[in-house]
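Notes follow the structure.
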Amino acid sequence: MSDNKFQGLLAGKTGVIFGVAHKTSIAWGIAKKLHDAGMKLAFTYQGERLLDNVKKLVDEEMPGSLLIDCDVTDDAQVEAVFTKLDAEFGKLHTVVHSVAFAKKEDLAGGFIDTSRDGFMLAHNISAYSLTVVAKYAQPLLVKNGGGSIITLTYLGGERVVKNYNVMGVAKAALDMSVRYLASDLGPQNIRVNAISAGPIKTLAARGISGFSDILSYMEDHTPMKRNVTQDEVGGTGLYLACDELSSGVTGEVIHVDAGFHAVGF
Ligand code: NAD
Ligand code: IMJ
């Protein structure tokens, strides 16, 4: 790439990305930045249904990257990812966790109507999975002398956002997991941070009714009077992955939202 300002910044480093489903995925935006900076990457995908899509993307832009099947609700599958990475890479520097799911019916109407099942499902996939990923990543990150774990969160875990409902409660648990994990893993030079992205039209956003209205609301109400891009979130991912740039940063939630989190009425 001719205009690659960060070439070589992550040369010799390895990383694994959970959560690419499509070229619009936030995880793919981060992967592109890490790849351009020279990191060798592996991708997990959620079952055969997504393999074709992810394989096509990776073959076009990052041939040679590893692809590993992993449903994050299954401990054995998460463990197997890191066993494979140990065999293939021998060590690991960066883990990107960009995974969330709730039942569609729980992302509309009142939070008060959330079922026990829906609550557990959203928390299992969207919050607990970071902890199990961190647990199995830890030995490989330690072999590397430390590393960086990055997750994706949303403002709806700090403030009430219409229809975000159980996902907001799960994001609050995720944000707090970031702090506890940062505390557990800090002594091993492993940093754990979250990027709180503003609304971006991905697959996870497409299912939401009125998402276009949310995007245009942002254009009027963010300090920067615009939305953020996949590329901008990718840039913050690169910063958090790079020890030279963010070595003192852990337990942090960085808002990449054109400043929306900072404004009130
Ligand atoms: P996306 O649909 O591209 O990514 C979501 C990913 O979660 C998919 O790759 C999907 O396969 C994966 N996933 C769901 N259940 C899984 C399971 N059981 N096992 C393994 N993987 C599973 O959408 P996205 O918007 O890129 O979402 C990525 C992250 O960004 C999520 O945590 C989301 O909450 C967060 N986020 C999104 C926005 C936005 O507006 N798009 C804003 C802030 C934060
Ligand atoms: C999602 C729902 C309601 C409001 C929302 C969102 N706003 C934003 C999102 C304002 C920005 C997107 N977001 C931050 C997410 O984390 C989305 C997670 C998600 C999306 C779906 C859609 C399809 C489905 N289940 C989902 N689970 C989680 O069936």
Side-chain angles (χ1 to χ4, degrees), residues 16-31 43-51 53-54 57 68-75 77-78 81 96-109 111 114 118 121-130 132-133 150-175 177-178 194-218 221-222 227-230 232-234 236-237 253-258 260-261:
V16 61
I17 319 263
F18 290 75
V20 176
H22 187 259
K23 66 172 187 295
T24 56
S25 291
I26 291 175
W28 184 244
I30 297 174
F43 294 87
T44 72
Y45 57 93
Q46 183 200 2
E48 290 301 315
R49 191 175 50 88
L50 287 175
L51 176 59
N53 227 343
V54 181
L57 270 179
I68 312 171
D69 193 348
C70 181
D71 183 320
V72 297
T73 61
D74 183 344
D75 288 7
Q77 289 188 39
V78 175
V81 168
V96 175
H97 170 279
S98 186
V99 170
F101 189 78
K103 290 186 194 175
K104 200 172 165 121
E105 70 246 37
D106 289 333
L107 298 174
F111 169 68
T114 309
L121 177 81
H123 282 70
N124 190 12
I125 297 178
S126 316
Y128 178 71
S129 62
L130 179 69
V132 70
V133 163
I150 302 163
T151 189
L152 271 297
T153 189
Y154 179 59
L155 188 66
E158 303 173 65
R159 295 205 250 293
V160 173
V161 171
K162 193 170 174 225
N163 292 335
Y164 203 56
N165 297 356
V166 73
M167 270 307 307
V169 181
K171 289 300 192 190
L174 179 73
D175 294 358
S177 304
V178 163
I195 300 172
S196 182
I200 297 178
K201 206 154 194 154
T202 62
L203 289 182
R206 223 151 257 168
I208 309 309
S209 70
F211 201 78
S212 302
D213 297 338
I214 294 169
L215 290 175
S216 62
Y217 182 91
M218 291 296 139
H221 293 89
T222 59
N227 282 289
V228 294
T229 64
Q230 183 198 34
E232 289 178 306
V233 177
T236 299
V253 176
I254 302 182
H255 294 84
V256 181
D257 66 350
F260 188 69
H261 71 282

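Worth saying up front: this structure is predicted, and the values here are computed from it rather than measured. Ligands are counted one by one from 1 in listed order, and the atoms in each one are counted from 1 as well.
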Validation row: Tyr154, Val161 side chains within 4.5 angstrom (heavy atoms): yes
Looking at ligand 1, would Ser196 count as a contact under a 4.0 Å heavy-atom criterion? no
Quick one: does ligand 1 sit under 4.0 Å from the side chain of Leu152, the backbone, both or neither, non-hydrogen atoms only? both
For atom 28 (C) of ligand 1, state which one of Gly29, Ser126, Gly207, Ser98 supplies the nearest heavy atom. Ser98
Return the closest protein heavy atom for atom 9 (O) of ligand 1 as residue, atom name and distance. Gly19 O, 2.9 Å
Should Val72 and Val132 count as side-chain neighbours, where that means a heavy-atom distance under 4.5 Å? no
Among all the protein's non-hydrogen atoms, which is closest to atom 18 (N) of ligand 1, and how far away is it? Asp71 OD1, 3.0 Å
Between Thr73 and ligand 1, does any nitrogen or oxygen pair lie at a separation below 3.5 Å? no
Check whether any heavy atom of Lys171 sits under 4.0 Å from an atom of ligand 1. yes
Is there a donor-acceptor pair under 3.5 Å between the side chain of Ser216 and the backbone N or O of Asp213? yes
Under 4.5 Å between any side-chain heavy atoms of Phe111 and Val166, yes or no? yes
Is any N or O atom of Leu203, backbone or side chain, closer than 3.5 Å to an N or O atom of ligand 1? no
What's the verdict on side chain to side chain contact (heavy atoms under 4.5 Å, CB included) for His261 and Arg159, showing C-alpha distance, side-chain angles and the deciding distance? CA-CA 9 Å; His261 71 282; Arg159 295 205 250 293; 3.9 Å; yes
Looking at Val96, Thr151, Ile26, Val256, which one forms a side chain to side chain contact (heavy atoms under 4.5 Å, CB included) with Ile195? Val256
Region of Thr153 that comes within reach of ligand 1 [heavy atoms, distance under 4.0 Å]: backbone
the protein heavy atom lying closest to atom 11 (O) of ligand 1 turns out to be Gln46 OE1, 2.8 Å
Which heavy atom of Met167 sits nearest to which heavy atom of Ala100, and what is that distance? CE-CB, 3.7 Å
Please state which part of Thr24 comes within less than 4.0 Å of ligand 1, counting heavy atoms only: side chain, backbone, both or neither. neither
The protein heavy atom nearest to atom 31 (C) of ligand 1 is Ala100 CB, 3.6 Å
Residue portion contacting ligand 1 (non-hydrogen atoms closer than 4.0 Å) for His22: neither
Return the minimal non-hydrogen interatomic distance between Ser25 and Thr202, and the atom names on each side. CA-CG2, 4.4 Å
Nearest neighbour of atom 27 (O) of ligand 1 from the list Ala204, Ala170, Ala205, on a heavy-atom basis: Ala204
Any idea which protein heavy atom is nearest atom 3 (O) of ligand 1, and the distance to it? Ser25 OG, 2.6 Å
If you measure from atom 26 (O) of ligand 1 to every heavy atom of Ile214, Ile30, Ile26, which option wins on shortest distance? Ile26
Shortest protein contact, atom 25 (O) of ligand 1 (heavy atom only): Thr202 OG1, 2.5 Å
At what distance, to the nearest 0.5 angstrom, does OG of Ser98 lie from CZ of Phe18? 11.5 Å
Given a heavy-atom cut-off of 4.0 Å, could you list the residues near ligand 2 in chain and number order? Phe101, Ala102, Lys104, Leu107, Tyr154, Val161, Lys162, Asn163, Tyr164, Pro199, Ala204, Ile208, Phe211, Ile214
Which protein heavy atom lies closest to atom 20 (C) of ligand 1, and at what distance to 0.1 Å? Cys70 O, 3.4 Å
Taking atom 39 (C) of ligand 1 as the point of reference, which of Ile200, Asp257, Ile195 owns the nearest heavy atom? Ile200
Answer yes if the side chains of Lys103 and Thr114 hold a donor-acceptor pair under 3.5 Å, and no otherwise. no
Report yes if the side chains of Ile200 and Val228 come closer than 4.5 Å at any heavy-atom pair, otherwise no. yes
Counting non-hydrogen protein atoms only, what is the nearest one to atom 19 (N) of ligand 1? Give residue, atom name and distance. Val72 N, 3.0 Å
Got a donor-acceptor contact below 3.5 angstrom from the His255 side chain to the Asp257 backbone? no
For the residue pair Tyr217 and Phe260, does the interplanar ring angle fall in the parallel (under 30°), tilted (30 to 60°) or perpendicular (over 60°) class? perpendicular
Would the distance check show the side chain of Asp69 and the main-chain N or O of Gly47 forming a donor-acceptor pair, the cut-off being under 3.5 Å? yes
If we only count N/O pairs under 3.5 Å, is Pro199 in contact with ligand 1? no
May I have the step-by-step check of side chain to side chain contact (heavy atoms under 4.5 Å, CB included) for Thr229 and Glu232, ending in yes or no? CA-CA 5 Å; Thr229 64; Glu232 289 178 306; 3.2 Å; yes
Between Thr73 and Ser129, is any pair of side-chain heavy atoms under 4.5 Å apart? no
